[in-house]
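Everything below concerns the one structure shown next.
Every chain is numbered from 1, with letters handed out A, B, ... down the list of sequences.
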There are 2 protein chains.
Amino acid sequence: MYLPEGKKARRQRAIVSELGLSPTVRTSDLARRLGVSVETVRRDIEELTQQGLVSRTYGGAAGRQLGLQPAYQEREALAVEERDAIAAKAVGLVKAGDVLMIDSGSTTARFAHALARAAIRVTVITNCFAVAQALAMNDAARVIFCPGDVSGREGGVYGSETCAFLKGFYADVTFIGASGLTVDGPTDVETGATWVKRGMIDRAERQVLLLDSSKFGRRHLERICPLDGLSDLVTDRKPDGALGERIAAGPTALHV
Amino acid sequence: MYLPEGKKARRQRAIVSELGLSPTVRTSDLARRLGVSVETVRRDIEELTQQGLVSRTYGGAAGRQLGLQPAYQEREALAVEERDAIAAKAVGLVKAGDVLMIDSGSTTARFAHALARAAIRVTVITNCFAVAQALAMNDAARVIFCPGDVSGREGGVYGSETCAFLKGFYADVTFIGASGLTVDGPTDVETGATWVKRGMIDRAERQVLLLDSSKFGRRHLERICPLDGLSDLVTDRKPDGALGERIAAGPTALHV
DNA sequence: ACGTTTTAGAGGAAAGTACCACATTATTAG
DNA sequence: CTAATAATGTGGTACTTTCCTCTAAAACGT
């Protein structure tokens, strides 16, 4: 229609499109609907999986969920235990009736799930689809979503609209994630995300950083805030060396 | 911890929680991780499916995607063909460079997918997760998401924040769905959704209603707008009787 | 403490998938 | 037009899951 691509490409687009509407499709169904053999569909799914467009399942394929990073599988598999422990610990910092701001990120998404399980009555302001999804099912939580430009890669919204929106609220606690943490403070790779994190930090009484220990000492493009700008750090291991000392000396409470 | 529920409930919550993080889980994996038999997990998934919390798949379960109605399966299966045809037709109303507002709903979600496939350069303002997800992968589209209260059931955001946000924009075309259409105009069941639809209609030059023919003549709680308030109606069959005459006589263009 | 109900596990037949190697059919390039 | 290459279909085996019934154990109320 638009590009004279082969029928293979069209078929694969049809699969991805189908996946956007129902969370899961079965290989046999697709084969029937597309008028090709099961083997062909399997090979298509194989390719799409390698491109990261769908994720393969037993009887077929599942669509990438909005809010889950593409490389989620590997990135996450390594530190599931640690992150769950961090998430559980962080839930302890939440009281009934609190207003929370929750940043985008895989660790914060885990935290949102733990929070949903705990069924504490809270109001959550977030820019992250995964967080919204985690808490949406829960009647105990009211979720306010931020406006902004949708980033499929990050699974959230960013930009000036997002930052401006945050200024209209005041929260008890902000929970953020980061890609790295040094004595200078937490750092991240994405500029857009960094501004949102700063915005959330500014509008809350307490600022909690959720971080697994593999991020210690890693420095990235942008610093989010000074180390003293955080009221709490929740992690899975006590940081060593200069970072450990600096935290011990500073105002930031450490939760392991 | 919070409620002394049985281990069954805890197990099922663990499943739902797991599903929030990875788009799909396998029965056998869950059985191993939870330390129970496969049969037990299958029964759990069965129950959760009936509650609409997860959707069952061949080898396990998939998480409900944010933006897909719970009863999606049945509601959609009936009219997939019709809706795709409607969606394809509606894409024809879009020009490169247009600014669009897209409402939440299953038909509009289909439309968003068709739009993504067409790869037309557009800016889209939406309050619907499914729409955002459909277009997020597409580099051709810039997607601006509205703020508001998250409704897990509807798969979008609603409320005064949403309506206020819409007032800050002006679009070339608005695409909305509805639960019913009578000579008085389109109607819907949800009050919150209705206000958002109205807001989108007010801020656009053209107002397009996407509707499959099964909705003709059905009236619901709230009227969205008068019939004359719509510039276009895209559907799969010419409406008969009074409704058909009324449309032919009015200013609304009919696309079949 | 007792009996009832709920919940979990075992086993086996039936069905559906995966996976592999090879044949066949488009598609493309020269 | 023909040869090379990519894409697709076929057949058969091994594996996984489903689904059923029945039994064991745990939880529950009285």
Side-chain angles (χ1 to χ4, degrees), chain A residues 1-19 21-65 73-74 77 117 119, chain B residues 1-19 21-65 70 72-74 77 80 117:
Chain A
M1 183 104 67
Y2 310 95
L3 296 170
E5 284 173 309
K7 48 180 100 166
K8 181 178 167 185
R10 183 152 46 243
R11 209 176 45 225
Q12 296 192 350
R13 265 207 307 267
I15 294 176
V16 175
S17 166
E18 202 63 37
L19 242 9
L21 271 81
S22 75
T24 186
V25 288
R26 293 177 61 157
T27 310
S28 47
D29 281 347
L30 285 173
R32 188 152 18 82
R33 192 165 333 165
L34 299 172
V36 292
S37 78
V38 196
E39 280 303 287
T40 304
V41 174
R42 281 191 64 255
R43 282 188 270 247
D44 284 340
I45 291 175
E46 192 74 29
E47 282 183 40
L48 291 169
T49 302
Q50 282 192 315
Q51 292 174 243
L53 292 170
V54 309
S55 64
R56 201 175 175 296
T57 68
Y58 191 80
R64 251 202 66 208
Q65 266 172 302
Q73 306 269 25
E74 3 184 12
R117 254 203 311 279
Chain B
M1 182 105 65
Y2 311 93
L3 294 168
E5 283 175 308
K7 50 178 98 165
K8 180 179 169 186
R10 184 152 44 244
R11 208 176 46 226
Q12 297 192 349
R13 267 207 303 267
I15 293 175
V16 175
S17 164
E18 201 64 38
L19 242 9
L21 270 82
S22 74
T24 185
V25 288
R26 295 180 59 159
T27 312
S28 46
D29 281 347
L30 284 172
R32 190 154 12 86
R33 194 167 331 167
L34 298 171
V36 292
S37 78
V38 203
E39 282 303 292
T40 306
V41 175
R42 283 191 64 256
R43 280 189 273 246
D44 284 340
I45 291 175
E46 192 73 29
E47 283 183 39
L48 291 169
T49 301
Q50 282 194 314
Q51 292 174 244
L53 292 171
V54 309
S55 65
R56 200 172 175 297
T57 69
Y58 193 79
R64 248 203 68 208
Q65 264 172 302
Y72 162 82
Q73 308 267 25
E74 4 184 12
V80 173
R117 259 205 306 281

Separation of dA8(C) atom C1' from E46(B) atom CD, nearest Å, is 16 Å

Atom CZ of R10(A) and atom P of dT8(D) are separated, to the nearest Å, by 12 Å

Side-chain contact check for E39(B): nearest option of dG11(C), dT10(D), dT17(D) is dG11(C)

Taken to the nearest 0.5 Å, the spacing of I45(A) CD1 from R43(A) CZ works out to 12.0 Å

Looking only at dT18(D), dC19(C), dT17(C), the nucleotide nearest the R26(A) side chain is dT17(C)

Among the nucleotides dT18(D), dA8(C), dT8(D), whichever has the atom closest to the side chain of T27(B) is dT18(D)

Ranking Y58(B) and D44(B) by the position along DNA chain C of their nearest nucleotide, the one closer to 5' is D44(B)

Taking the basic N atoms (NZ, or NE/NH1/NH2) and the acidic carboxylate oxygens, is any pair closer than 4.0 Å for R42(B) and E39(B)? yes

inquiry  = Does V36(A) reach a base, just sugar-phosphate, or nothing at all? Heavy atoms under 4.0 Å.
reply    = sugar-phosphate

Distance col, row R11(B):CZ vs D44(B):CG, nearest 0.5 angstrom, shows 4.0 Å

From CG of L34(A) across to C1' of dA7(D) the rounded distance in Å is 15 Å

Side chain of T27(A), backbone of G59(A): donor and acceptor closer than 3.5 Å? yes

Fill in: Any R43(A) side-chain nitrogen or oxygen under 4.0 Å from OP1 or OP2 of dA7(D)
no

Result for side-chain contact (heavy atoms from CB on, under 4.5 Å) between S37(B) and one of T40(B), L34(B), V41(B) points to T40(B)

Exercise for review: Using only side-chain N and O atoms of S37(A), determine if any of them is under 4.0 Å from OP1 or OP2 of dG9(D).
Suggested key: yes

R11(B) side chain N/O closer than 4.0 Å to the phosphate oxygens (OP1, OP2) of dT7(C)?
no

L30(A) atom CG is separated from dG9(D) atom P, nearest whole Å, by 13 Å

Checking dC15(D), dG9(D), dC19(C) against the side chain of R56(A) (C-beta onward), the nearest is dC19(C)

query: Does R42(B) place a side-chain N or O at less than 4.0 Å from the phosphate oxygens OP1/OP2 of dC19(D)?
result: yes

Exercise. Give a yes/no on whether any side-chain N or O of T40(B) is located under 4.0 angstrom from OP1 or OP2 of dT7(C).
Key: no

